[in-house]
Amino acid sequence: MSRRYRTTRRAFVGGAAASLALARPSFAQASANVVVIGGGFGGASCARALKWLAPKLQVTLLEPNKTFTACPFSNDVIGGFRAIEAQRFGYDKIAAAGITVAAQAATGVDVQGRTVTLADGSSLRYDRLVLSPGIDLRFDALPGYDEAAVEVMPHAWKAGEQTLLLRRQLEAMDDGGLVVMSVPANPYRCPPGPYERACLIAYYLKAKKPRSKLIVLDAKDAFSKQRLFQNAWTELYPGMIEWVSLSQGGKVTSVDPSTKTFVTEFGKHTAQVANVIPPQKAGRIAALAGAADASGWCAIDPVTFESKTAPNVHVIGDACIAGGMPKSAFSANAQAKACAAAVATLLAGGAPAAPKLINTCYSLAAPDYGFSVAGVYQPKNGLLADVEGAGGTSPVDAPREFRAREAVYAQSWFDTITAEVFG
Amino acid sequence: MKFLSMVLLIAAVGASAAPACAASLPPTGAASCSGCHGASAAAVPRITGRDAGEILTLIAAFRDGSRPATVMGRIAKGYSDDELRPIAAWLAGQK
């Protein structure tokens with residue numbers, strides 16, 4: 001922990017004591033502490049939005065990693081046409097915006113005492129806590145897949161070393177080898193991500209190892225942007241990708257890392273390169289704070305993103321169940337800004353307005369072949385529901401120029417959102 | 001009487017919140033725009049600081065399909081004119 005951070009934290013404790021003595025909402029806001037856990041698209045966006053909306057708030061961002069590695073576009077790294085460095089972002093600009101960035105993990109939350117415990121044993125008091133911890137892998141959900149297995153059968157569902165490991169395995173594979181991917185049931189991070197990955201692995205194989213094949217074992221019978229992906233597979237990679245749906249026996253019941261074997265109800269598949277995208281849940285701190293339910297995810301109020309089970313705790317991004325909104329970086333960023341507005345309003349003694357949110361999610365089937373799904377959402381019956389008549393996917397029958405333009409827009413989106421969050 | 005109490009309550013909340021907020025809260029639905037429309041020289045154009053009337057005209061054209069789009073047609077259909085007017089005015093006032 002830096003000296004600057006220690007000093008700031010002492011100042012926080014003083015601020016908290018002062019806020020207790022002053023009943024007026026404006027003063028409560030002026031000295032209030034908001035702690036944000038998780039420095040990804042959700043947490044970093046929320047910290048910045050809070051400081052921008054209410055500059056007098058004391059905002060602390062807790063994130064143990066010094067560098068963030070983005071998941072969107074990490075499939076390009078696996079496909080071999082993007083450097084991992086293009087995925088990495090630091091927190092200097094966030095600190096420069098007046099946010100205390102603490103490179104520490106949160107190890108516990110006392111919801112009654114409104115205190116977060118840190119890895120070094122110290123603690124931080126908060127008036128409002130925002131959780132944006134992303135996902136954890138469920139090692140209890142797929143027999144054979146444990147923390148050691150990820151080094152042999154990478155998930156690559158948290159970008160970084162895992163992304164590079166899967167890439168290296170593809171590079172080391174012989175032409176004519178078999179790649180097998182497994183895809184979990186809903187919900188999980190990035191609904192179309194596995195199918196984009198299938199495309200971009202096939203893009204690499206087609207160019208460098210054209211006798212190879214890719215099998216996608218799926219625990220579902222339908223998936224996001226399905227017709228667009230399947231048309232792209234036929235058009236770009238004929239005969240290379242085999243998708244095995246749930247009803248065809250695609251659900252993986254166990255894996256054997258010693259032989260890189262996937263076991264399904266219908267048989268076994270032994271791969272040269274094995275990519276297991278396992279079942280997931282909200283990041284660990286959500287359960288420790290009492291914000292995750294039996295499903296492993298966090299139920300939230302659709303207006304404020306406040307947890308339905310942990311008072312004064314708000315959950316955004318992949319960790320929450322946000323009705324119709326998928327677990328995407330765009331969703332996390334949009335939710336972060338709405339949550340920041342709600343938290344600032346609540347701390348000022350006001351009543352937050354119902355938000356209206358957008359999600360846009362691009363997928364690439366090749367470097368110059370993109371398509372998207374979009375949605376508009378608002379609170380309805382206690383959930384974030386699709387606004388009827390809006391949203392939907394790119395047209396199925398669009399010309400290649402349209403796909404090329406969406407690929408350009410995809411890159412533009414990534415540049416813009418990472419500049420807003422980290423730049 | 002009840003209506004008057006509500007008005008007073010809203011006025012009180014507004015007054016207490018105002019001094020602590022440097023920026024006014026964006027109107028409902030405006031905050032998501034910056035997910036794509038940023039300040040950089042990206043392919044998707046910047047919209048902050050543009051004329052509010054121009055923004056409204058463009059969104060109306062995306063919504064009725066008279067202006068071709070990849071994504072904006074699908075998003076514009078989720079907003080009513082009443083929702084769009086404050087959003088356009090707020091975007092126009094941003095740097």
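Protein chains get the first letters and strands the later ones, always in sequence-line order, with residue 1 at the start of each.
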How close do A:Pro355 and B:Thr28 get, counting heavy atoms only, and between which atoms?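 Looks like C-CG2, 3.9 Å.
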Could you pull out the closest heavy-atom pair between B:Ala43 and A:Ser412, with the gap in Å?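 It is N-OG, 3.1 Å.
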Using modelled atom types and a 3.5 Å cut-off, is there a donor and acceptor pairing between side-chain atoms of A:Lys337 and backbone atoms of B:Ala30?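 Answer holds: no.
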How would you list, by chain and number, every residue that makes a salt bridge (Lys or Arg N to Asp or Glu O under 4.0 Å) with B:Asp82, sequence neighbours excluded?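 Salt bridge (Lys or Arg N to Asp or Glu O under 4.0 Å) list for B:Asp82, sorted by chain: B:Arg85.
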Just to verify, what does A:Asp368 make a salt bridge (Lys or Arg N to Asp or Glu O under 4.0 Å) with, not counting sequence neighbours?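 Salt bridge (Lys or Arg N to Asp or Glu O under 4.0 Å) list for A:Asp368, sorted by chain: A:Arg400.
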Heavy atom to heavy atom, less than 4.5 Å: which residues from residues 357-366 of chain A reach chain B?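 At a heavy-atom separation under 4.5 Å, chain B is reached by A:Leu357, A:Ile358, A:Thr360, A:Tyr362.
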Assess the side chains of B:Arg74 and A:Thr393: does a donor N or O sit below 3.5 Å from an acceptor N or O?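 Looking only at side-chain atoms, A:Thr393 and B:Arg74 do not form any donor-acceptor pair under 3.5 Å.
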Is there any residue in residues 51-73 of chain B with a non-hydrogen atom under 4.5 Å from a non-hydrogen atom of chain A, and which ones are they?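 If one takes a 4.5 Å heavy-atom cut-off, the residues of residues 51-73 of chain B near chain A are B:Ala69, B:Thr70, B:Val71.
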Working note: B:Cys36 + A:Tyr409, criterion side chain to side chain contact (heavy atoms under 4.5 Å, CB included); need CA distance, chi angles, decisive distance, verdict. CA-CA 9 Å; B:Cys36 287; A:Tyr409 287 165; over 6 Å; no
Inter-residue atom distance A:Lys356.NZ - B:Ser80.OG, 0.5 Å rounding: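 One gets 6.0 Å once the value is rounded to the nearest 0.5 Å.
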Under a 4.5 Å heavy-atom cut-off, does chain B meet the side chain of A:Val373, its backbone, both or neither?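 Backbone of A:Val373 only, per the 4.5 Å heavy-atom cut-off to chain B.
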At a 4.5 Å cut-off on heavy atoms, which part of A:Ala374 comes close to chain B: side chain, backbone, both, or neither?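 It is both, since atoms from each part get that close.
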Do B:Ser34 and A:Ile417 touch side chain to side chain, with heavy atoms closer than 4.5 Å?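 Counting from C-beta outward, B:Ser34 and A:Ile417 never come under 4.5 Å.
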Counting heavy-atom pairs under 4.5 Å to chain A, which of B:Ala31, B:Gly35, B:Gly29 comes out on top?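 Result: the option with the highest number of such pairs is B:Gly35.
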